[in-house]
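Please read the structure below before turning to the comments.
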Amino acid sequence: MNKIIITGHGNFASGIYSSLELISGPKENVLVVDFLKEDSDDLLRENIKQLINDDDNYLVICDLLGGSPYKQAALLSCEHKNIRVVTGANVGGILDVSLKLNKLTIDELAKRVVEASLKNLQLVNLENDNKQEEVTDGI
């Protein structure tokens, strides 16, 4: 079975999960590990490690490259062949792969979350024609 572990600084992980749950309902195979100010790197590593077993595959999604959550996940991926690590994914990318967890291999999921996150990353440049219209009703 494939599982996702989201981790990051502060409440990044639980915040992302909260958004996923609001959009598409509870996800039993999406797990979270927050890295709070008072936590040590060793505690973070242990908290991630407690979620891992040898029977499942894990896609660990970290908030940013180079931070403690990434470093600890990367170290664990060196020890466990069933772990892949991705950094910088957004809600759209994570939502995409959370809906396909057992339809793709763990390597396909890792690639897919990057592709879907990039697709969801867009500069929105709405044309402004400088016309001022009076709004008479609405919010």
Side-chain angles (χ1 to χ4, degrees):
M1 177 176 294
N2 294 324
K3 295 183 178 182
I4 294 172
I5 298 173
I6 305 170
T7 187
H9 295 83
N11 296 106
F12 173 83
S14 55
I16 291 285
Y17 182 81
S18 174
S19 294
L20 289 176
E21 190 174 40
L22 181 66
I23 295 166
S24 63
K27 303 278 181 240
E28 70 179 52
N29 292 322
V30 177
L31 312 166
V32 299
V33 178
D34 286 324
F35 180 50
L36 304 176
K37 187 162 101 173
E38 62 272 9
D39 294 345
S40 68
D41 286 5
D42 291 336
L43 178 60
L44 171 63
R45 182 183 170 96
E46 189 57 36
N47 288 342
I48 296 171
K49 196 172 185 176
Q50 287 178 5
L51 299 176
I52 297 168
N53 66 59
D54 291 333
D55 297 329
D56 296 317
N57 295 308
Y58 297 89
L59 177 60
V60 182
I61 300 173
C62 308
D63 57 351
L64 64 123
L65 181 65
S68 293
Y70 161 76
K71 290 175 186 174
Q72 297 309 312
L75 288 171
L76 286 168
S77 74
C78 292
E79 297 172 11
H80 300 270
K81 293 183 180 188
N82 59 337
I83 297 175
R84 304 297 180 273
V85 180
V86 172
T87 67
N90 56 36
V91 173
I94 298 170
L95 176 64
D96 182 90
V97 296
S98 74
L99 298 172
K100 297 172 176 64
L101 269 180
N102 291 306
K103 296 177 184 171
L104 301 172
T105 68
I106 196 67
D107 291 318
E108 291 168 331
L109 288 170
K111 185 177 178 181
R112 177 81 182 220
V113 73
V114 171
E115 292 168 352
S117 291
L118 288 172
K119 184 177 180 181
N120 278 282
L121 184 63
Q122 300 286 324
L123 172 63
V124 178
N125 187 9
L126 301 176
E127 295 284 326
N128 182 352
D129 62 9
N130 293 323
K131 292 181 183 175
Q132 297 289 329
E133 294 183 23
E134 186 176 325
V135 177
T136 57
D137 93 44
I139 297 176

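From a predicted model like this one, the values you see are computed outputs, not experimental measurements. No hydrogens, no waters, no symmetry mates; every other heavy atom, side chains included, goes into these values. Numbers here simply count residues along the sequence, with the first being 1.
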Which atom pair, heavy atoms only, marks the closest approach of [X] to [Y]?
X      : Y      : answer
Asn120 : Gly93  : ND2-N, 3.9 Å
Leu36  : Gly10  : CD2-O, 3.7 Å
Leu31  : Lys3   : CD1-CD, 4.4 Å
Val85  : Ala73  : CG2-O, 3.6 Å
Gln122 : Lys119 : NE2-O, 2.8 Å

[X] side chain to [Y] backbone, donor-acceptor under 3.5 Å:
X      : Y      : answer
Glu46  : Leu43  : no
Asp63  : His9   : yes
Asn47  : Val33  : no
Asn11  : Ser14  : no
Tyr58  : Leu51  : yes
Asp41  : Pro69  : no
Thr87  : Cys62  : no
Asn102 : Asn2   : yes
Ser117 : Asn90  : yes
Asn57  : Ile106 : no

Does a sphere of radius 6.0 Å around [atom1] in [X] hold more than 12 heavy atoms from other residues, nucleotides or ligands, not counting ones at 6.0 Å or beyond?
X     : atom1 : answer
Tyr70 : OH    : no
Glu28 : CD    : no
Lys27 : NZ    : yes

Examine [X] and [Y] and state if one hydrophobic cluster contains both, with Ile, Leu, Val, Met, Phe, Trp and Tyr joined whenever side-chain heavy atoms are less than 4.5 Å apart.
X     : Y      : value
Ile16 : Leu99  : yes
Ile4  : Val113 : yes
Leu64 : Leu121 : no
Leu65 : Leu75  : no
Ile83 : Leu104 : no

Minimum side-chain heavy-atom gap [X]-[Y] below 4.5 Å:
X      : Y     : answer
Asn29  : Met1  : yes
Ile5   : Ile52 : yes
Ile23  : Val91 : yes
Thr7   : Phe12 : no
Leu101 : Val97 : no
Asp34  : Asp39 : no

Quick one: pull up [atom1] in [X] and [atom2] in [Y] and give me the separation to the nearest 0.5 Å.
X      : Y      : atom1 : atom2 : result
His80  : Asn53  : NE2   : CG    : 10.0 Å
Leu109 : Lys103 : CG    : NZ    : 11.5 Å
Asp42  : Ser68  : CG    : OG    : 10.5 Å
Phe35  : Ile48  : CZ    : CD1   : 9.5 Å

For Leu76 and Val60, run side chain to side chain contact (heavy atoms under 4.5 Å, CB included): C-alpha distance rounded to whole Å, both residues' side-chain angles, the deciding distance at 0.1 Å, then the answer.
CA-CA 10 Å; Leu76 286 168; Val60 182; over 6 Å; no
Does the pair Asp107/Arg84 count as a salt bridge with the N-to-O cut at 4.0 Å?
yes
Set of side-chain contact (heavy atoms from CB on, under 4.5 Å) partners for Asp96, sequence neighbours left out:
Lys100, Arg112, Ala116
